[in-house]
Engineer: 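Please find one structure pasted underneath; my questions will follow.
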Amino acid sequence: MLEAVGVEPGEEQVYLALTAAPAAGAEQLADRTGLSRAEVDRALAGLAGKGLVEVRSEPAGLIRAAPPDPTLKLRALQRMDELRRAQAVIAQLAERFEAGAPAWRGADSVEVIRGSRSIAERYAMLQREAGREICALVKRPAVAVPATDNVGQRDALRAGVRYRVVYDRDLLDPENSQIPLLLDEWAALGEEMRVAAVPFKLAVFDRRQAVVVPSGLASEEPVVFVVRARPVVDCLTWIVDRVWESALPMPAALSALPDGPLAVEDRRLLALLLAGYTDQAIASQLGVSMRTVQRRVQRLLALAGVQSRIQLGWQAARRKWI
């Protein structure tokens, strides 16, 4: 547990024993920890060098644990500084490598990852490595990391990484009680979310690497592609950006979720709209104001998760609204 701040396992065992109660010498510590006298002596020497034990002359030889705060906190901060420096060096090396490598690196450009466990580990690593932005298109099914288990995203969001995610409308099932709660959590942590008809599953990390989940690939185990070739990553990033621009912001999308089948009046409005009637002609046919027609058309656009009336026609046919 304390190895992350430079405390060896034997030292940790002795320190934990001392935090429970002081010891009247190394022999007593050996009895309490099950370690040999030599192991206790080495542990005490290491702890003394780290400022984690105190030896009192009165009573003679009483060994006490030093307060963990601020000693251990200071060591933790020092380790964090070391890690930040190491990350900065790694980033510089990565940029140097990218600058000196061809845009298309042959066999290294696309990596195939198979199996849920391997995919989950690689995805978690990519999230930890991201320093600026992660963009994603999300749709069913979960390949290896269900949204409820995505600890890497929680950590990245808390670390200040920007998340832009477009969810497929089919994910927003009103009968799924977990989805609204989960989306509320992501939003509270800072995720920017929108809704659209998502073409395929995709995630782009710092616009340098991408994970693509192939659709309709016949395989007994899940498969994803990790893409590093810069021209391909640029294309995938362009796709994410275009889908994001055309997507509906999440609050409007959630408010537009249907409670049931499309209402009769909406189906009639849609039929007139797709038949080429103007808003004024539709208003006359339905006996309502043109403003009401325009408001209802906007609701249908939101319901379909599209931006234009042409897209609405396509979605209406796809969803069998007409």
Side-chain angles (χ1 to χ4, degrees), residues 109-130 133-157 161-173 176 178-180 182-183 185-187 189 191-250 253-254 304-306 311 314-315 318-319:
S109 299
V110 179
E111 181 182 2
V112 180
I113 310 294
R114 301 180 183 274
S116 297
R117 181 173 180 177
S118 297
I119 293 171
E121 290 174 351
R122 177 57 60 86
Y123 195 79
M125 183 182 73
L126 289 169
Q127 288 185 109
R128 287 195 299 271
E129 290 177 346
E133 181 185 61
I134 297 175
C135 307
L137 305 180
V138 179
K139 65 182 303 182
R140 298 181 194 274
V143 175
V145 188
T148 51
D149 297 334
N150 196 347
V151 178
Q153 179 169 344
R154 291 181 176 86
D155 293 342
L157 283 166
V161 176
R162 185 189 183 193
Y163 264 80
R164 290 190 300 125
V165 183
V166 181
Y167 292 92
D168 189 79
R169 176 162 290 278
D170 291 340
L171 282 172
L172 304 182
D173 183 354
N176 189 337
Q178 284 189 336
I179 291 297
L182 186 62
L183 295 180
E185 179 186 354
W186 291 148
L189 289 172
E191 177 182 295
E192 301 170 44
M193 51 185 71
R194 296 187 180 184
V195 179
V198 171
F200 54 90
K201 299 182 73 168
L202 166 67
V204 179
F205 303 83
D206 284 341
R207 298 179 179 256
R208 294 178 59 249
Q209 297 185 82
V211 172
V212 181
V213 181
S215 301
L217 187 64
S219 176
E220 295 181 356
E221 59 182 359
V223 176
V224 303
F225 301 138
V226 178
V227 182
R228 303 186 190 89
R230 184 53 59 87
V232 182
V233 174
D234 289 344
C235 290
L236 294 171
T237 304
W238 184 88
I239 291 172
V240 173
D241 289 342
R242 298 295 79 76
V243 174
W244 174 265
E245 290 171 3
S246 64
L248 194 68
M250 183 62 78
L254 290 174
V306 297
Q311 293 173 323
W314 183 84
Q315 280 291 335
R318 176 177 174 269
R319 296 168 184 267

Engineer: Is any side-chain heavy atom of Met193 closer than 4.5 Å to one of Tyr167?
Structural biologist: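 Yes, their side chains come closer than 4.5 Å.
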
Engineer: Output the distance between atom CD1 (Ile134) and atom CD (Gln127), rounded to the nearest 0.5 Å.
Structural biologist: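 The CD1 atom of Ile134 sits 5.0 Å away from the CD atom of Gln127.
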
Engineer: What is the minimum heavy-atom distance between Val223 and Arg114, and which atoms define it?
Structural biologist: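 Minimum heavy-atom separation between Val223 and Arg114: CG2-NH1, 3.4 Å.
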
Engineer: Evaluate the criterion side-chain contact (heavy atoms from CB on, under 4.5 Å) for residue pair Val226 and Gln209; output intermediate values, then yes/no.
Structural biologist: CA-CA 7 Å; Val226 178; Gln209 297 185 82; 4.2 Å; yes

Engineer: Quick test of your reading of the model: are Arg162 and Glu191 salt-bridged, counting only N-O distances below 4.0 Å?
Structural biologist: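 Glu191 and Arg162: not salt-bridged.
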
Engineer: Are the side chain of Lys139 and the backbone of Val198 linked by a donor-acceptor contact shorter than 3.5 Å?
Structural biologist: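 Between the backbone of Val198 and the side chain of Lys139 there is a qualifying donor-acceptor contact (under 3.5 Å).
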
Engineer: Check the pair Val138 / Val166 against side-chain contact (heavy atoms from CB on, under 4.5 Å), numbers first and verdict last.
Structural biologist: CA-CA 6 Å; Val138 179; Val166 181; over 6 Å; no

Engineer: Just by distance, do the side chain of Arg194 and the backbone of Trp244 share a donor-acceptor pair under 3.5 Å?
Structural biologist: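 Flag set: sc Arg194 to bb Trp244 pair under 3.5 Å.
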
Engineer: Between Val240 and Leu202, does the side-chain contact (heavy atoms from CB on, under 4.5 Å) criterion hold? Intermediate values first, please.
Structural biologist: CA-CA 8 Å; Val240 173; Leu202 166 67; 3.3 Å; yes

Engineer: In chain order, what residues pass the side chain to side chain contact (heavy atoms under 4.5 Å, CB included) check against Asp241, with sequence neighbours excluded?
Structural biologist: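 Partners of Asp241 under the side chain to side chain contact (heavy atoms under 4.5 Å, CB included) test: Arg164, Arg207, Thr237.
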
Engineer: Nearest heavy-atom pair of Ala210 and Val233: which atoms, and what distance?
Structural biologist: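 Closest approach of Ala210 to Val233: N-CG2, 4.4 Å.
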
Engineer: Between atom CD1 of Ile113 and atom CZ of Phe225, what is the distance when rounded to the nearest 0.5 Å?
Structural biologist: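 If we round to the nearest 0.5 Å, Ile113:CD1 and Phe225:CZ are 10.5 Å apart.
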
Engineer: For Glu133, is there any backbone N or O sitting under 3.5 Å from a side-chain donor or acceptor partner on Asp206?
Structural biologist: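 Flag set: sc Asp206 to bb Glu133 pair under 3.5 Å.
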
Engineer: Shortest non-hydrogen contact from Val243 to Pro199?
Structural biologist: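 Heavy atoms only, the tightest pair is CG2-CD, 4.3 Å.
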
Engineer: Any chance you could measure Glu121, atom CD, to Ser116, atom OG, to the nearest 0.5 Å?
Structural biologist: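 If we round to the nearest 0.5 Å, Glu121:CD and Ser116:OG are 11.0 Å apart.
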
Engineer: With a 4.5 Å limit on heavy-atom distance, are the side chains of Val224 and Tyr123 in contact?
Structural biologist: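 Sidechains of Tyr123 and Val224: no contact.
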
Engineer: Quick one: do Arg228 and Arg208 satisfy side-chain contact (heavy atoms from CB on, under 4.5 Å)? Show the steps, please.
Structural biologist: CA-CA 7 Å; Arg228 303 186 190 89; Arg208 294 178 59 249; over 6 Å; no

